[in-house]
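Residue numbers count from 1 along this sequence.
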Amino acid sequence: MSRITPLVRPNIAALTPYSTARDEYDGPIGIFLDANESPYENGYNRYPDPHQAELKARIGGIKGIPVKSLFLGNGSDEAIDLVFRIFCEPGKDNAVIMAPSYGMYGVAAAINDVEVRNIRLDADFNLDSEKLLGACDERTKVIFLCSPNNPSGNAFELKQLLDICDRFPGVVIVDEAYADFSEKGSLAKEATVRENLIVLQTLSKARAMAGLRIGLAISSEEVIRLMSMVKYPYNLSRAAMEKAFQFLEKPIDDEVNTIVNERKRLASILPRFPFVQRVFPSDANFILVRVDDANALYDYLLGKGIIVRNRTRVPGCAGCLRLTVGLPAENESLLNALDSYTV
């Protein structure tokens, strides 16, 4: 029996997934009279491949991940929601989530009526493994870890994350949305051989496809089977898959290197401003900055046509703005605006 099997909600384990006539037949098809589609061809009159076979093969080849260990969803948010629906009994189970972190973990938990236990990172946004694991009990089914973390920007050591995975009897989700900008590495290949580890990635950040809404989950074949069984049948559109396949032909090394270099440049200049209290280390494509009056500076930048993210109300981020690293010219405009700011 798989390590995952006892963790799955009984109704999910017993679920008969939705299937189509095209799932049941492998031969050539000339006339489609099964799905009540329009017969008038325009390139999009047929339903898309519910298994995303071609796109998965392409992404798997790029990342060195077996197709059977790869799930594609409507953004990473779909995979986050599926984790709760597959493993957490509403009103009974709980999830342990580090804080501050990506807000959708808590939102998805609330939608699924799952208790959240937030474990605060320290003042430098470091993760205390003992504190995290100590918050778990027999009803804790999942732990969410974001590395590099949003909004703090720091990545955790892979050894620490794997240690948590080894010691926790439930499912560990490591969100690597920003891993392409980090030197700490990825747990993607580890996730294919560890039954209780799910790694989330995305095409939205380094791959510049946020508008297509394509997220990835990488895990054991059993976890991917469960996700594929529970997801909506046609969760990715044909247009999104075609565009993604096209954009994946373009190398991203130069763009990622430019963003990383610009991040380093901004991190070296920002401390010179008298109203900047601290620039936190970042492994992502953004920088968290603590300033004298975050609300006033946010409003000032907005008046200059520059929108950043005000995180001052997030626990642990009082007085902080999150600055996404833009193009060099955009970053220069930000610095020029800051140069003209007076408290």
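Connection of Leu161 to Met98 is established within a shared hydrophobic cluster, with ILVMFWY side chains joined at heavy-atom distances below 4.5 Å, either directly or through further cluster members. Leu187 and Leu127 fall within a single hydrophobic cluster, where Ile, Leu, Val, Met, Phe, Trp and Tyr side chains are chained together by heavy-atom contacts under 4.5 Å. In this structure, Ile307 is not a member of the same hydrophobic cluster as Leu288, with clusters built from ILVMFWY side-chain heavy atoms closer than 4.5 Å. Ile12 and Val83 fall within the same hydrophobic cluster, where Ile, Leu, Val, Met, Phe, Trp and Tyr residues are linked whenever their side-chain heavy atoms come under 4.5 Å apart, directly or through other members. Note: the hydrophobic cluster containing Val67 does not contain Met227 (ILVMFWY, side chain heavy atoms under 4.5 Å, direct or indirect links).
Within a 6.0 Å sphere centred on CG of Asp254, other residues, nucleotides and ligands contribute 12 heavy atoms or fewer. Remark: Gln246 CD is packed, more than 12 non-hydrogen atoms of other residues, nucleotides or ligands lying under 6.0 Å away.
Residues passing the side-chain hydrogen bond (donor to acceptor under 3.5 Å, both in side chains) test with Thr20 are Asp23, sequence neighbours excluded. Applying the ring-ring contact (aromatic ring centres under 6.0 Å, His included) criterion to Phe181, with sequence neighbours excluded, gives no partner residue. A search for side-chain contact (heavy atoms from CB on, under 4.5 Å) contacts involving Lys68 returns Glu221, not counting sequence neighbours. The ring-ring contact (aromatic ring centres under 6.0 Å, His included) check on Phe84 picks up Phe144, with sequence neighbours excluded. For the side-chain hydrogen bond (donor to acceptor under 3.5 Å, both in side chains) test, residues two or more places apart in sequence or in another chain that qualify with Glu332 are Arg265. With sequence neighbours left out, Ser237 forms a side-chain contact (heavy atoms from CB on, under 4.5 Å) with Ala239, Ala240. By the side-chain hydrogen bond (donor to acceptor under 3.5 Å, both in side chains) test, Tyr102 pairs with Asp77, sequence neighbours left out. Taking the ring-ring contact (aromatic ring centres under 6.0 Å, His included) definition, one finds that Phe32 meets it with nothing, sequence neighbours left out. By the ring-ring contact (aromatic ring centres under 6.0 Å, His included) test, Phe168 is found to be paired with no residue, residues two or more places apart in sequence or in another chain being considered. For the side-chain hydrogen bond (donor to acceptor under 3.5 Å, both in side chains) test, no residue two or more places apart in sequence or in another chain qualifies with Asn336.
Residues Asp299 and Asn310 have side chains that never bring a donor and an acceptor to within less than 3.5 angstrom of each other. Using a 3.5 Å distance cut-off with no hydrogens or angles, the side chains of Ser186 and Glu176 do pair a donor with an acceptor. Side-chain contact of Glu37 with Asn45: a donor-acceptor pair under 3.5 Å is absent, judged by distance alone. In this model, a donor atom of one side chain and an acceptor atom of the other lie less than 3.5 Å apart for Asn94 and Thr140. Side-chain polar atoms of Ser2 and Glu222 form no donor-acceptor pair below 3.5 angstrom. Side-chain contact, Tyr232 with Asn74: no donor N or O sits under 3.5 Å from an acceptor N or O.
The line from CZ of Phe286 to CG of Asp283 is 9.5 Å long, rounded to the nearest 0.5 Å. Atom CG in Leu197 sits 7.0 Å away from atom CG in Leu162 (nearest 0.5 Å).
Without hydrogens or angle criteria, Ser228 side chain to Ile224 main chain gives a donor-acceptor distance under 3.5 Å. Checking side-chain atoms of Asn42 against main-chain N and O of Tyr44 turns up a donor-acceptor pair under 3.5 Å.
In this pair, Tyr234 and Tyr47 present their aromatic rings parallel. The plane angle is below 30°, not in the 30 to 60° band.
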Please report, to 0.1 Å, the donor-acceptor pairs under 3.5 Å made by any side chain of residues 150-159, with sequence neighbours excluded.
from, atom 1, to, atom 2, distance (Å)
Asn150, OD1, Arg322, NH1, 2.8
Ser152, OG, Asn149, ND2, 3.0
Ser152, OG, Asn154, OD1, 2.5
Asn154, ND2, Phe125, O, 2.8

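Here the closest non-hydrogen pair linking Ala206 and Val256 is CB-CG2, 3.9 Å. When all heavy atoms of Asn235 and Pro50 are compared, the pair lying nearest together is OD1-O, 4.5 Å.
Under 4.0 Å is where a charged nitrogen must lie from a carboxylate oxygen, and between Lys92 and Glu115 no such pair does.
Residues in residues 138-151 take part in these salt bridge (charged side-chain N to carboxylate O under 4.0 Å, His left out) pairs, two or more places apart or across chains: Asp93-Arg139, Asp93-Lys141.
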